[in-house]
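Have a look at the structure below, then the notes.
Every number for a ligand or one of its atoms is a count from 1 in the order of the listing.
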Amino acid sequence: MLDELKKGLAHFKSITYKKHEKLYRDLEHTQDPHTLFIACSDSRVSPEILIDSDPGEVFTIRNIANTVPSYETSHNDITTVSSIEYAIDVLKVEEVIICGHSNCGGCAAVLNGWGHLTDLPYTQSYLKPLETVKEKIEKLNAFKDDETKARLMEQRNVVEQVNHLKSFPGIQEKLETGQLEIEGWYFDIKSGSVSVYDEDNDTFCRVDDERGKV
Ligand SMILES: [Zn+2]
């Protein structure tokens, strides 16, 4: 497999880098990304591919189940919080996307019991805060089928993480003064479609393909 990775490097240098050579040279000493994209570490969810972006456009944070701690519990995930702080205060991104996805293993582990994760103490501890999302799903959707519950868990998790992000005073201030926008997205792997959270109607709306690049 390492040989395959090196073939990828060679392809990058001769094709992809070549295509963006000027851009890479311009970016040598600076970056000015417009967006902070927080996504799951899942290998099927690649922010740059999803939004068809060029190098330098997107600052990314990826972790299991695309989580953000609340302001009160920020000390629990200093890696994520410090990356957010840098993106907002130094890079001054204009928008933040928190993107969940279908068939999320992290969400499924919380929803269906820890199962094979009982031997993964770090993962279990990390995902513990998602129990509150699970409780909401179980309470409101006790009679729904497993697939529906899984989707609701993944989508409600996005809303929960957006709310966590909004709980930071500095971010709240930027939202109020129009310096920042935050959106929750949900990527359906099988169809390749992305839905965006509509706060007014408390629902995810599919982004119409005709609207072009989202
Ligand atoms: Zn995931």
Please identify each residue that fulfils side-chain hydrogen bond (donor to acceptor under 3.5 Å, both in side chains) with Glu199, with sequence neighbours left out.
-> Lys166
Check Val158 against Gly100 and note the closest heavy-atom contact, atom names and distance.
-> CG2-N, 3.4 Å
Any idea how Phe59 and Tyr86 line up, ring-wise: parallel (<30°), tilted (30 to 60°), or perpendicular (>60°)?
-> tilted
Ring geometry between Tyr186 and Phe204 (parallel below 30°, tilted from 30 to 60°, perpendicular above 60°) = perpendicular
Are Thr73 and Ser70 linked by a side-chain donor-acceptor pair shorter than 3.5 Å?
-> yes
Report yes or no: do Tyr126 and Asn76 form a side-chain donor-acceptor pair below 3.5 Å?
-> no
Ignoring waters, protein N/O/S atoms under 2.8 Å from the Zn ion (ligand 1) are Cys40 SG, His101 NE2, Cys104 SG
